[in-house]
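Worksheet: the structure to be examined is printed underneath.
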Amino acid sequence: MTRYWLMKCEPSAYTIERLERDGRTSWEGVRNYQARNFMRDEMQVGDGVLFYASNADPSGVTGLAEIVRAGYPDHTAWTKGHQYFDETGSKDAPAWYMVDVGFVERFAGVVSLEQLKTTKGLEEMMVTQKGSRLSVQPVTRAEFAIVARLGRATRAAGPAAAEPAPIRPPRAAGRRTKK
DNA sequence: GCCAACGTTGGC
DNA sequence: GCCAACGTTGGC
């Protein structure tokens, strides 16, 4: 049975635009056990994904993706010198897992967190709860459908907002989940 | 940049 | 097993 998920990523690490260009990507770098368990044990090929831009302006869902490869060991964890290197586990007994995600759809605009919080039917969505930091979250089929509909109703920012985006220096290292 | 909320670590 | 200290997340 198809399940649905929300996956967070900071724009400095990866964006829906890049996913659209790449077609698919591996979701490495998650270093949280609850998120790991979802990726390792529950995600299946074909599951739907809400692509969520965190620490963004505004933060929110920017498009849709799907799982194209179920959980497999995250090799970046045992690659010395890699930014996601982590001593937990080993090659023989991997601690961390990733999945591959494929592009489905890019929204014209962003379904902002603010909008998610004020939309009927999304009251229980994990991402709308205070203090919710989990970077991989389950969502219900109904929530997925509501957000997809909101996303398709978004419009690109108008001319007034179309001036070049300010240059934002990347945040300090070590602050990314999925890359 | 601030800081509240959260997860992890480690002393005891 | 408790819990204080610490590091990180992520909205604002």
Side-chain angles (χ1 to χ4, degrees), chain A residues 4-19 25-43 49-65 71 73-91 93-99 101 106-107 109-139 143-144 146-147 150-151 154 157 160-161 163-179:
Chain A
Y4 299 90
W5 309 94
L6 178 146
M7 298 177 83
K8 295 181 185 175
C9 184
E10 300 196 4
S12 61
Y14 205 74
T15 61
I16 191 72
E17 286 80 11
R18 278 190 61 190
L19 183 58
T25 190
S26 53
W27 206 264
E28 68 272 14
V30 173
R31 298 292 178 264
N32 169 282
Y33 289 104
Q34 213 180 336
R36 187 278 311 268
N37 291 346
F38 286 137
M39 292 198 295
R40 186 190 62 185
D41 305 332
E42 312 230 4
M43 284 185 169
V49 174
L50 300 174
F51 190 106
Y52 183 92
S54 60
N55 259 311
D57 186 22
S59 294
V61 179
T62 54
L64 305 181
D74 180 348
H75 60 84
T76 66
W78 64 67
T79 305
K80 275 219 166 90
H82 195 283
Q83 67 168 323
Y84 299 134
F85 176 74
D86 189 287
E87 311 236 25
T88 316
S90 66
K91 200 165 180 174
W96 303 118
Y97 281 70
M98 57 186 176
V99 295
V101 166
R106 176 172 59 81
F107 298 155
V110 182
V111 182
S112 69
L113 178 60
E114 175 68 26
Q115 195 177 357
L116 295 176
K117 283 178 175 171
T118 56
T119 297
K120 204 170 173 210
L122 303 182
E123 297 88 355
E124 316 239 308
M125 214 178 159
M126 203 179 282
V127 76
T128 65
Q129 310 305 309
K130 186 175 177 185
S132 153
R133 304 191 333 188
L134 197 59
S135 69
V136 176
Q137 310 179 351
V139 304
E143 288 163 348
F144 185 90
I146 291 170
V147 177
L150 289 175
T154 60
E163 52 190 272
I167 306 288
R168 302 223 302 171
R171 304 185 66 99
R175 298 216 61 228
R176 24 206 78 165
T177 296
K178 149 62 182 176
K179 316 183 158 188

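Only this structure's heavy atoms are used, side chains among them; waters, hydrogens and symmetry mates stay out. Residue numbers start from 1 in every chain, and the chains themselves are labelled A, B, ... in the order their sequence lines are given, proteins ahead of strands.
The ring-ring contact (aromatic ring centres under 6.0 Å, His included) search around A/Phe85 returns none, not counting sequence neighbours. Annotation: side chain to side chain donor-acceptor pair (under 3.5 Å) contacts of A/Thr76 (sequence neighbours excluded): A/Arg31, A/Asp74. Taking A/Ser132 as the reference, A/Gln137 meet the side chain to side chain donor-acceptor pair (under 3.5 Å) condition, with sequence neighbours excluded. With sequence neighbours left out, the side chain to side chain donor-acceptor pair (under 3.5 Å) criterion links A/Thr88 to A/Asp86. In terms of the side chain to side chain donor-acceptor pair (under 3.5 Å) criterion, A/Asn32 has no residue partners (sequence neighbours excluded).
For the segment residues 112-129 of chain A, no residue has any heavy atom less than 4.0 angstrom from an atom of DNA chain B.
A/Glu10 has its CD atom 7 Å from the P atom of C/dG10, to the nearest Å. We find that CG of A/Asp57 is positioned 16 Å from P of B/dG1, with the value rounded to whole Å. Between A/Arg31 atom CZ and C/dT8 atom P there is a gap of 14 Å when expressed in whole angstrom units. In this structure, A/Gln34 atom CD and C/dT8 atom C1' are separated by 16 Å, rounded to whole Å. Across the protein-nucleic acid pair, A/Asn32 atom CG and B/dC6 atom C1' stand 10 Å apart, rounded to whole Å. Between the C1' atom of B/dA5 and the NZ atom of A/Lys8 lies a distance of 11 Å, rounded to the nearest Å. Note: OH (A/Tyr52) to P (C/dG10) measures 8 Å, nearest angstrom. If you measure from atom CD of A/Gln137 to atom P of C/dG10, you get 9 Å, rounded to the nearest angstrom.
Using a 4.5 Å cut-off on side-chain heavy atoms (C-beta onward), A/Val49 and A/Leu6 make no contact.
Between A/Ser59 and C/dG11 there is a side-chain polar atom (N or O) within less than 4.0 angstrom of OP1 or OP2. Checking the phosphate oxygens (OP1, OP2) of B/dA5, a side-chain nitrogen or oxygen of A/Lys130 falls inside 4.0 Å.
Distances were taken from every side-chain heavy atom of A/Tyr33 (C-beta onward) to each of C/dG11, C/dT8, B/dT8; the shortest belongs to B/dT8. Listed candidates were C/dG11, B/dA5, B/dT8. Nearest to the side chain of A/Asn55 is C/dG11.
For A/Tyr33 and A/Trp96, the ring centers sit closer than 6.0 Å to each other.
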